[in-house]
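Notes follow the structure.
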Amino acid sequence: MIRRILLLVLVILLISPVFFYFQFQPASKIRWGLNFSIEQASYLGFDWRQMYVEILDDLKPKRLRIMAYWEILEPVPGRFNFGDIDFLLEEAEERNVQAILVLGQKQPRWPECHHPAWYENLTVPEQQAAVLAMLQTAVNHFKPFSSIRAWQVENEPFFPYGPRCGSVPKDFLKQELALVKSLDARPIVVTDSGEKGDWLRTAFAGGEVFGSTMYRQVYHDKKQRYIRYPIPPALYRLKAGIVKTFSNIDEFIGVELQGEPWFATDVFQTPWARQAELMNPRIFSEYVEYARRVGFAENYFWGVEWWYWARAQGHPELWDSAKQILSD
């Protein structure tokens, strides 16, 4: 009897991955988009408005993921500055570009937690109340923009990464999502690390669209060297199938498809020859093909600001490669 039970368990363990794998159906047509960060554009030394308009008019993306950092929105408690994000959405709207607008205190790009300086002096209950107040004010302000196709609330909420940037409490994340849902009917994107996340905790929080990162080669601080994630495309499909089976989510997108080097220091301290070893048209093409094999219907490239910077240094190769892909 025990042997039969063990055999049954073994059969289930062998069959389950196959079952979950086929729960996710890869898209036959992949759509491409771009991430854009005002702060990253400024860090690289450019007028972010000029960069953004050139991106829209030359690369002609049809999809964007825009970071609305809290330190930009509310630099002083209760006093909001919506002008910068309004500009991004207005320019997108003029060109019929659809955008995912990222809100919350945990957002893409270092230092990962993006909140105004005054937030640090609050107690935890006060911090959470401030986050909810910001979300309510921001959603009510931005929701008239037809260019917003979805909201993203927090970024990789359960992945503690960055200085003083811990996980978002599960119950509080659910509270954030419920608030945004009560204010606007557009879908909510929730995200997790494609390389390290378990996905289910994030999916159970209550979003309608699941977004995964897709980084292939990163610098490992503890090992002091670059590593390449040994993750086959099938694993993304398997995890998507598990999420689809056990949650209400049935739409999956790649929110950050690596298109720039993962810098051990930064762009200004890394010789161009080294940067070109870490990211070039051949590697870019490999990553694009990898995303196609995963099969998410949408993928948003990570690194357009670096492409712009590289072009300004006389290296337009990545800009031109991306332009060709985006035109497909």
Side-chain angles (χ1 to χ4, degrees), residues 35 37 39-40 65-71 100-115 119-120 124 127-128 131 135 150-177 180 188-223 226-231 235-240 242-244 246-247 249 251-260 262-264 287 291 294 296 298-303:
N35 284 275
S37 163
E39 291 188 356
Q40 182 67 5
R65 179 169 172 252
I66 295 171
M67 277 61 90
Y69 296 131
W70 190 3
E71 62 266 33
I100 297 171
L101 189 64
V102 187
L103 296 170
Q105 64 129 345
K106 206 170 186 309
Q107 295 220 22
R109 287 224 178 258
W110 195 261
E112 306 301 319
C113 278
H114 288 265
H115 44 245
Y119 172 92
E120 298 287 351
V124 171
Q127 289 176 341
Q128 293 186 346
V131 170
L135 284 176
W151 310 97
Q152 181 185 322
V153 180
E154 304 295 354
N155 188 62
E156 301 178 38
F158 301 129
F159 182 34
Y161 182 64
R164 300 189 306 280
C165 190
S167 301
V168 177
K170 179 179 65 175
D171 291 340
F172 183 65
L173 177 63
K174 290 182 177 180
Q175 195 174 348
E176 290 182 88
L177 297 175
V180 174
I188 296 178
V189 179
V190 292
T191 65
D192 201 352
S193 168
E195 299 72 41
K196 297 181 178 181
D198 60 32
W199 291 24
L200 276 177
R201 280 189 304 164
T202 302
F204 289 156
E208 288 79 39
V209 181
F210 189 93
S212 169
T213 62
M214 210 172 289
Y215 289 95
R216 305 298 298 125
Q217 182 172 252
V218 304
Y219 186 78
H220 196 292
D221 290 327
K222 292 182 178 179
K223 295 181 178 181
Y226 281 92
I227 62 169
R228 187 178 179 89
Y229 284 114
I231 301 174
L235 185 59
Y236 285 91
R237 293 194 190 185
L238 176 63
K239 292 169 77 171
I242 293 172
V243 168
K244 188 173 182 180
F246 293 109
S247 76
I249 290 176
E251 183 178 349
F252 299 84
I253 62 176
V255 289
E256 295 173 23
L257 174 57
Q258 186 174 9
E260 69 175 7
W262 188 293
F263 290 99
Y287 292 179
V294 170
F296 292 158
E298 294 182 9
N299 288 278
Y300 293 78
F301 290 114
W302 184 258

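Cation-pi geometry between R65 and W302 is not satisfied (NZ or CZ under 6.0 Å from the ring centre, within 45° of the ring normal).
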Going through the checks in order, is the side chain to side chain contact (heavy atoms under 4.5 Å, CB included) test met by N35 and F301?
-> CA-CA 6 Å; N35 284 275; F301 290 114; 5.9 Å; no
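The minimum heavy-atom distance linking G166 with K106 is given by the pair O-CE, 3.4 Å. Minimum interatomic distance between L101 and A68 (heavy atoms only, all atoms of both residues): CD1-CB, 3.9 Å. S37 and M67 make their closest contact through CB-CE, 4.1 Å (heavy atoms, listed as atom of the first residue, atom of the second, distance). Here the closest non-hydrogen pair linking P160 and S167 is CD-OG, 3.6 Å. Scanning both residues, G162 and E112, for their nearest heavy atoms gives CA-CG, 4.2 Å. The minimum heavy-atom distance between F158 and P169, with the atom names listed, is CE2-C, 4.5 Å.
A heavy-atom distance below 4.5 Å is not found between the side chains of Y69 and V102. Under the 4.5 Å side-chain criterion, counting only non-hydrogen atoms from C-beta, W199 is in contact with S212. In this structure the side chain of D192 never reaches within 4.5 angstrom of the side chain of T213, judged on heavy atoms.
Side chains of Q127 and H115: a donor-acceptor N/O pair is absent below 3.5 angstrom, by distance only.
For the side chain to side chain contact (heavy atoms under 4.5 Å, CB included) with V153, the lone residue among T191, I188, L103, V189 that qualifies is I188. Put simply, the residue from Y215, Y229, W110 that forms a ring-ring contact (aromatic ring centres under 6.0 Å, His included) with W262 is Y215. Screening T202, V190, V168 for a side chain to side chain contact (heavy atoms under 4.5 Å, CB included) with L173, the sole residue that qualifies is V168.
Partners of F159 according to the side chain to side chain contact (heavy atoms under 4.5 Å, CB included) rule, which considers only residues two or more places apart in sequence or in another chain, are E156, Y161, S193, K196. For R216, the salt bridge (Lys or Arg N to Asp or Glu O under 4.0 Å) criterion is met by no residue, not counting sequence neighbours. With sequence neighbours excluded, no residue forms a salt bridge (Lys or Arg N to Asp or Glu O under 4.0 Å) with E154.
Without hydrogens or angle criteria, K170 side chain to R201 main chain gives no donor-acceptor distance under 3.5 Å. The main-chain N or O of R109 is never found under 3.5 Å from a side-chain atom of Q107 such that the two would form a donor-acceptor pair. Judged purely by atom type and a 3.5 angstrom limit, Q105 has no side-chain atom pairing as donor or acceptor with the backbone of V131. With H114 contributing its side chain and G104 its backbone, the two residues share no donor-acceptor pair below 3.5 Å.
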